[in-house]
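Below: the structure, in structure tokens.
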2 protein chains.
Amino acid sequence: MADHVDRVLKQWAAQRPDLDVSPMAVLGRLKRLSRLVEAETGRTFNAHGLDAASFDVLATLRRSDAPHRLTPAELMRSSMVTSGAITQRLDRLEARGLVSRSPSASDGRSVVVALTDAGRALIDEALPDHVATSAGLLAALTKEERDTVATALRTLLESLGDGKG
Amino acid sequence: MADHVDRVLKQWAAQRPDLDVSPMAVLGRLKRLSRLVEAETGRTFNAHGLDAASFDVLATLRRSDAPHRLTPAELMRSSMVTSGAITQRLDRLEARGLVSRSPSASDGRSVVVALTDAGRALIDEALPDHVATSAGLLAALTKEERDTVATALRTLLESLGDGKG
DNA sequence: CTCAAATAGCTTAGCGCTGAGATACATTGC
DNA sequence: GCAATGTATCTCAGCGCTAAGCTATTTGAG
């Protein structure tokens with residue numbers, strides 16, 4: 001029973017026995033799994049005329065309190081992409097009529113992004129599918145295993161400063 | 001004690017209590033952690049004049065049996081990127097004199113990619129740094145926790161077909 | 001042997017993101 | 001009140017990747 005990373009670790013043990021490459025057992029799998037998960041969830045997004053970037057923005061708006069409005073700066077902090085990326089994501093979503101931009105009343109520099117009715121309808125339609133896809137991706141683990149992994153990943157995220165950012 | 005994903009889960013519980021979003025406790029953290037790890041390891045690569053893509057190719061060659069030769073197709077299967085991406089990665093590495101391409105003796109369609117002396121020197125210099133960075137990223141977990149996570153991630157990868165591919 | 005199907009590698013248009021920088025407005029310290 | 005600093009958003013050139021498609025070669029079924 002060996003996955004790709006097991007083979008990689010074995011190769012390193014043969015070629016560089018002086019190095020302790022055990023961190024790769026976690027980080028190598030994290031990277032590969034992340035890619036596979038992105039590919040699979042991406043298919044669900046596509047089925048609803050979306051991609052991961054658009055879904056990310058719509059879902060972030062949707063889960064914020066009604067009336068589902070956030071500024072580009074808030075979207076940026078939630079998404080881990082640069083301000084330029086948010087501008088472009090919003091350009092695309094606005095062109096499709098899924099979000100609206102209006103000037104902020106309280107801050108002359110800022111903009112308020114809101115879900116339109118069409119945007120809200122689309123994300124509410126895509127969400128259950130996305131959740132089902134996500135559950136399917138984790139089906140190989142028991143609930144206890146999922147909790148253990150979630151807890152460990154949270155510990156790592158907190159140690160890296162995610163949570164205050 | 002709450003990280004970004006805890007807040008997201010709480011928002012979903014308030015906005016869509018009908019959905020079981022618990023898979024996001026794992027997948028949301030996987031995504032964020034993956035991004036943070038990429039950013040941090042990327043800094044180490046940069047410090048050696050590399051990026052993740054170049055390091056990936058050089059490391060894959062380096063850990064294969066001496067004389068560290070692989071075909072583009074083998075590099076492609078190891079890296080989870082398309083053949084076009086491999087062509088371009090090799091173009092860049094070849095231009096810098098870090099790898100060489102020569103026609104395969106046994107298959108007229110194929111090419112053999114080899115680490116040059118300079119390429120091998122560079123990857124051998126960068127590797128210990130990368131391993132140290134990787135270990136640092138996991139410092140918040142005990143060895144037992146790291147093993148538990150690695151095992152769970154392997155289970156997931158195998159369930160998704162990684163390992164036979 | 002032959003020819004259709006599979007495989008290897010390369011090409012290129014288009015895409016989303018980054019990084020650097022510009023502009024406008026807000027806040028802070030004096 | 002005002003200058004200096006910080007913040008919010010947008011712009012855009014450049015980058016690496018994908019997807020689709022091309023050529024050349026190998027494989028395998030009949």
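Letters A, B, ... are given to chains in the order of the sequence lines, protein chains preceding strands, and every chain is numbered from 1.
Note: CG (B:N46) to P (D:dC15) measures 14 Å, nearest angstrom. Spacing between atom CD of A:E38 and atom P of D:dT18 amounts to 11 Å, rounded to whole angstrom units. Rounded to whole Å, atom C1' of D:dC15 lies 18 Å from atom CZ of B:F45. Across the protein-nucleic acid pair, B:L70 atom CG and C:dA8 atom P stand 13 Å apart, rounded to whole Å.
To the nearest 0.5 Å, atoms CD (B:Q88) and OG1 (B:T82) are separated by 8.0 Å. B:M80 contributes atom CE, which lies 6.5 Å from atom CZ of A:R35 (distance to the nearest 0.5 angstrom).
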Please write out the pairs of protein N or O atoms and N or O atoms of nucleotides 1-5 of chain C separated by less than 3.5 Å, giving the distance to one decimal.
none

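When each of A:G108 and A:V81 is assigned the nucleotide of DNA chain C bearing its nearest heavy atom, the one mapping closer to the 5' terminus is A:V81.
Under a 4.0 Å N-O distance rule, the pair B:R43/B:D129 does not qualify as a salt bridge. Between B:R29 and A:D162 there is no salt bridge, since none of the side-chain N atoms of the basic residue sits less than 4.0 Å from a carboxylate O of the acidic one. Salt bridge status for A:K143 with A:D147: present, with a side-chain N to carboxylate O gap under 4.0 Å. Ion pairing of A:D56 with A:R89 is present here, as a side-chain N (NZ or NE/NH1/NH2) and a carboxylate O approach within less than 4.0 Å.
Remark: B:S100 engages B:A114, B:T116 in a side chain to side chain contact (heavy atoms under 4.5 Å, CB included) (not counting sequence neighbours).
Under the 3.5 Å distance criterion, the side-chain polar atoms of A:E40 are left unmatched by any main-chain donor or acceptor of A:V37.
Taking 4.0 angstrom as the limit, A:R35 places none of its side-chain polar atoms (N or O) nearer than this to OP1 or OP2 of D:dC17. OP1 and OP2 of D:dG16 both lie 4.0 Å or more from every side-chain N or O belonging to B:R89.
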For nucleotides 5-12 of chain D, 5' to 3', base contacts (B), sugar-phosphate-only contacts (S) and non-contacts (-) with protein non-hydrogen atoms under 4.0 Å give -BBSBBBB
